[in-house]
Amino acid sequence: MLDDAALALGSRELASRDAQIGRLLAANGVPPLWGRDTGFSTIVKIILEQQVSLDSAAAAFANLEHALGEVSPEGFLELGDAHL
């Protein structure tokens with residue numbers, strides 16, 4: 001399980017293998033571990049956030065919530081390609 005201790009350990013291991021990561025870790029410390037809810041809607045948010053700006057991702061997710069109510073696999077599939 002990923003927790004703060006595991007993140008710190010993994011960060012130090014990466015830093016020992018890569019000088020650039022080592023410099024970043026020395027300058028900035030261990031990155032924060034953001035907690036997120038589990039489930040389909042969280043996966044959708046993460047994918048959106050990786051594809052577009054955070055503001056655009058939030059707007060796209062809000063549109064999904066408006067169309068579906070709850071963002072679920074079943075509802076997502078019911079929207080179909082044309083609506084998406």
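The structure presented is a predicted model; accordingly, all values stated were derived computationally and were not measured. All values below were derived from every heavy atom in this structure, side-chain atoms included, with hydrogens, water molecules and symmetry-related copies excluded.
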Atom pairs and distances, side-chain donor-acceptor, residues 62-72, under 3.5 Å, sequence neighbours left out:
| residue | atom | partner | partner atom | Å |
| --- | --- | --- | --- | --- |
| N63 | ND2 | A59 | O | 3.4 |
| S72 | OG | G75 | N | 3.1 |

Give every donor-acceptor pair under 3.5 Å between a side-chain atom in residues 18-27 and any protein atom, sequence neighbours left out.
| residue | atom | partner | partner atom | Å |
| --- | --- | --- | --- | --- |
| D18 | OD1 | Q20 | N | 3.0 |
| D18 | OD1 | I21 | N | 2.8 |

Using residues 33-45 as the side-chain source, report each donor-acceptor pair under 3.5 Å to any protein atom, sequence neighbours left out, with the distance given to one decimal.
| residue | atom | partner | partner atom | Å |
| --- | --- | --- | --- | --- |
| R36 | NH1 | E49 | OE1 | 3.4 |
| R36 | NH2 | E49 | OE1 | 2.7 |
| T42 | OG1 | D37 | O | 2.8 |

Contacts of type side-chain contact (heavy atoms from CB on, under 4.5 Å), residue A8, not counting sequence neighbours = R12, V30

Can you name the residues that form a side-chain contact (heavy atoms from CB on, under 4.5 Å) with E78, not counting sequence neighbours?
-> none

Does V52 have any side-chain contact (heavy atoms from CB on, under 4.5 Å) partners at least two apart in sequence or in another chain, and if so, which?
-> S56, A57

